[in-house]
Amino acid sequence: MNLPVVDVSGIVKSYQMETHQVPVLRAVDLRLESGTFFAVMGASGSGKSTLLNIIGCLDRPDSGSYRLDGIDVLRSSDNELSRLRSRYLGFVFQTFNLISTLTVKENVELPFLYRTEHRDDISQRVDAAIAQVGLSERANHRPFELSGGEMQRVAIARALATDPKLILADEPTGNLDSQMSREIMELFKRLHAQGRTIILVTHDPQIAAYADACATMHDGRFIHDAL
Ligand code: ADP
Ligand code: MG
C-alpha cells in the first residue's frame, strides 16, 4: 500500500471558553492516499474548518497524531510548519483572500515570496497556473475587475502554482452563485483527473458529489468511517 499523504489519528481539539472547555474535534481519524478527491460534509459548527486548519498546519490539536507525507507534523516547530505549508499545501478559501492592490499575476506569485527559485522559473510556473484556470487574458487585471468565479479561479491558480502535494479548499463555492459554483467544481474535477490530491469542505451535498469520496462530520466526529 502507498504511504498516505494525510494520516490523521485520534485528533482531539477543544476551545477554552470563559468558564469551560468546548470540545470541537473528538478523536478524528482520516487517511488519504495520493490522488484522492475527498469531501468533508457536515452542518455549520460540526468542526470541518477546525479539522481542515489542523490538516493545513494552521492550527494544532490538543492530542492525536498527524503525518503529512510521512512527516510528523505535531512534533514540528512553528518554523518547520511554515515550511511545510509553503512546500506541501495550497489553500483555497470561501472569501478568495486575494490582495486587492495586486494584479492576478502578482497574487499568484505570492506563495513564491520566500522561495529561492529563479525568477524566470517562477514566472513560467505562475503563467502556467493562470493558464490552467483559464485566466491568461486577465493576468494584469486586479481583483475588483473580476467576477466572483474568476476571483476564486485566481485563488486556485495561487494554490496550484507551487505544485503542492495537497490542496485544501474550505467552502470554495460558499460565496458563488450556482453557475459559478459548477464552473469551480468542474475545475477541481479536472485537477483531480490530473492526479491532484484535494480535500474539500462543504455543507452542500451537490458540491460534495464532485469528489470521489466523502464523509460527514457531526459534533466533532465523522459519522461514518472515512475511507
Ligand atoms: P464548521 O467549519 O463545521 O462550521 P468550525 O470548525 O468552524 O465548524 O467550528 C466548530 C466549533 O468550534 C463551533 O462551535 C465554533 O463556534 C467553535 N470554534 C471554532 N473556532 C473557535 C475559536 N477560535 N474559539 C472558540 N471556538 C471556536
Ligand atoms: Mg467552516
Side-chain angles (χ1 to χ4, degrees), residues 5-32 36-66 68 73-74 76 78 81-82 84-85 88-98 148-149 151-153 155-156 158-159 164 166-178 180-182 184-185 187-188 197-227:
V5 178
V6 170
D7 190 352
V8 159
S9 149
I11 290 285
V12 170
K13 174 88 182 172
S14 55
Y15 287 108
Q16 179 68 46
M17 300 311 268
E18 274 166 27
T19 54
H20 58 293
Q21 294 255 326
V22 180
V24 176
L25 298 176
R26 312 164 191 249
V28 173
D29 301 330
L30 182 64
R31 287 167 67 95
L32 297 179
T36 310
F37 183 6
F38 185 75
V40 178
M41 292 230 298
S44 176
S46 57
K48 305 181 298 297
S49 294
T50 305
L51 176 62
L52 202 73
N53 290 343
I54 290 171
I55 293 172
C57 307
L58 293 163
D59 196 2
R60 287 177 186 272
D62 302 333
S63 60
S65 71
Y66 173 26
L68 171 61
V73 171
L74 306 185
S76 303
D78 285 347
L81 289 190
S82 314
L84 276 178
R85 279 197 298 273
Y88 283 75
L89 302 169
F91 294 92
V92 180
F93 299 98
Q94 176 171 356
T95 48
F96 321 135
N97 296 10
L98 302 179
M151 284 194 248
Q152 194 58 300
R153 276 149 61 191
I156 293 171
R158 181 181 56 188
L166 180 61
I167 294 175
L168 301 171
D170 195 348
E171 306 271 7
T173 59
N175 281 348
L176 303 178
D177 65 27
S178 54
M180 284 182 187
S181 296
R182 274 198 296 279
I184 291 299
M185 293 317 299
L187 177 55
F188 278 116
T197 312
I198 303 166
I199 304 180
L200 165 83
V201 161
T202 180
H203 61 274
D204 181 344
Q206 283 188 326
I207 296 295
Y210 285 87
D212 60 357
C214 163
T216 302
M217 291 195 81
H218 179 73
D219 232 358
R221 276 201 191 97
F222 280 116
I223 298 177
H224 305 291
D225 278 354
L227 295 185

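Whatever order the structure lists them in is the order used to number ligands and atoms, beginning at 1.
- Applying the side chain to side chain donor-acceptor pair (under 3.5 Å) criterion to R221, with sequence neighbours excluded, gives no partner residue.
- For A211, the side chain to side chain contact (heavy atoms under 4.5 Å, CB included) criterion is met by F37, A39, not counting sequence neighbours.
- Salt bridge D170/K48: absent, no basic N to carboxylate O contact under 4.0 Å.
- Within the sub-2.8 Å shell of the Mg ion (ligand 2), the protein contributes these N/O/S atoms: S49 OG.
- A salt bridge is defined here as a Lys NZ or Arg NE, NH1 or NH2 lying under 4.0 Å from an Asp or Glu carboxylate O, and R60 with D78 meets this definition.
- With R85 contributing its side chain and C57 its backbone, the two residues share a donor-acceptor pair below 3.5 Å.
- Closer than 4.0 angstrom to ligand 1 lie heavy atoms from Y15, M17, V24, A43, S44, G45, S46, G47, K48, S49, T50.
- Applying side chain to side chain contact (heavy atoms under 4.5 Å, CB included) to P61 and the options I54, V73, V12 leaves one that passes, I54.
- With a 4.5 Å cut-off on side-chain heavy atoms, F91 and I167 do not count as touching.
- Between D204 and T202, the side chains place no donor N or O within less than 3.5 Å of an acceptor N or O (distance only, hydrogens not considered).
- Between the side chains of S14 and D62, a donor-acceptor pair is found at a separation under 3.5 Å.
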